[in-house]
Amino acid sequence: MCREAWEAKGIPVRQLGGVQAAVRFVEQLARLDNMSGDAARREYAALGLPNGARELSTREEVLERLRCVALWRELPIKELHKECREMGVLSGGLASERRPS
């Protein structure tokens, strides 16, 4: 599938940095979409993700969070930092990447 077609379907190819990352992301989305609710909850728990203020009640809620994780795993670090800023999450980078004060 071409870049423009994927972008039209909501796959952020440009943000992902290219077609290879987009292919991996699409493969993960397909894998997630084929999961049962129990399997999705097990994967969610295995990642150590928090449930938030309430228990995730539907398969779709769990899958939505797993889709976010799939995206974040494929984003170039610069794009991941941008996502964090937009969500109000601090993202400092590795200590080895920080400049001395």
Side-chain angles (χ1 to χ4, degrees):
M1 188 176 275
C2 70
R3 178 186 302 217
E4 291 78 19
W6 272 357
E7 290 276 350
K9 290 185 177 229
I11 306 301
V13 179
R14 287 180 183 86
Q15 183 183 17
L16 286 164
V19 174
Q20 288 179 335
V23 167
R24 289 189 302 268
F25 179 58
V26 168
E27 288 170 349
Q28 285 300 309
L29 293 181
R31 185 181 69 80
L32 292 171
D33 287 342
N34 288 320
M35 278 187 171
S36 68
D38 287 339
R41 283 183 178 80
R42 282 191 301 274
E43 179 157 339
Y44 188 89
L47 291 170
L49 298 171
N51 286 337
R54 60 179 172 76
E55 189 70 27
L56 297 173
S57 61
T58 68
R59 173 182 174 269
E60 193 55 39
E61 287 175 317
V62 175
L63 288 176
E64 186 57 36
R65 290 192 185 183
L66 291 173
R67 288 180 193 113
C68 287
V69 171
L71 174 64
W72 297 334
R73 284 181 165 169
E74 294 302 331
L75 287 176
I77 194 70
K78 186 175 182 178
E79 288 294 326
L80 182 57
H81 283 289
K82 182 179 172 186
E83 283 273 315
C84 289
R85 280 191 308 274
E86 289 173 2
M87 296 177 83
V89 175
L90 296 176
S91 61
L94 301 174
S96 61
E97 295 174 342
R98 294 187 188 136
R99 296 180 187 196
S101 330

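Keep in mind that the numbers below use all heavy atoms, side chains included, and drop hydrogens, waters and symmetry copies.
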- [ ] Would you check if there is a donor-acceptor pair between the side chains of E83 and Q15 at a distance under 3.5 Å?
- [x] yes
TODO: Output the distance between atom CG (L63) and atom CZ (R41), rounded to the nearest 0.5 Å.
DONE: 9.0 Å
Task: Salt bridge flag under 4.0 Å for residues E60 and R67 - done: yes
- [ ] Please report the shortest heavy-atom distance between F25 and P12, naming the atom on each side.
- [x] CE2-CD, 4.1 Å
- [ ] Can you establish whether the number of heavy atoms outside Q20 located under 6.0 Å from its atom CD is more than 12?
- [x] no
Open item on the list: Show the nearest heavy-atom pair for residues L16 and A22, with the distance to one decimal.
Closed with: CD1-CA, 3.7 Å
- [ ] Nearest 0.5 Å please: distance from the CG atom of L66 over to the OH atom of Y44.
- [x] 7.5 Å
TODO: With rounding to the nearest 0.5 Å, note down the distance linking CG in D33 to CD in Q28.
DONE: 11.0 Å
TODO: For the pair E7 (side chain) and V13 (backbone), establish whether a donor and an acceptor sit closer than 3.5 Å, ignoring hydrogens and angles.
DONE: yes
Task: R73, CZ: over 12 other non-hydrogen atoms inside 6.0 angstrom - done: no
Open item on the list: With a 3.5 Å distance limit and no angle check, can you tell me whether E79 reaches the backbone of P76 through a side-chain donor-acceptor pair?
Closed with: no
TODO: Run the numbers on E43 and L32 for side chain to side chain contact (heavy atoms under 4.5 Å, CB included), then give the verdict.
DONE: CA-CA 10 Å; E43 179 157 339; L32 292 171; 4.2 Å; yes
Task: Residue pair K78 / H81, side-chain heavy-atom distance below 4.5 Å - done: no
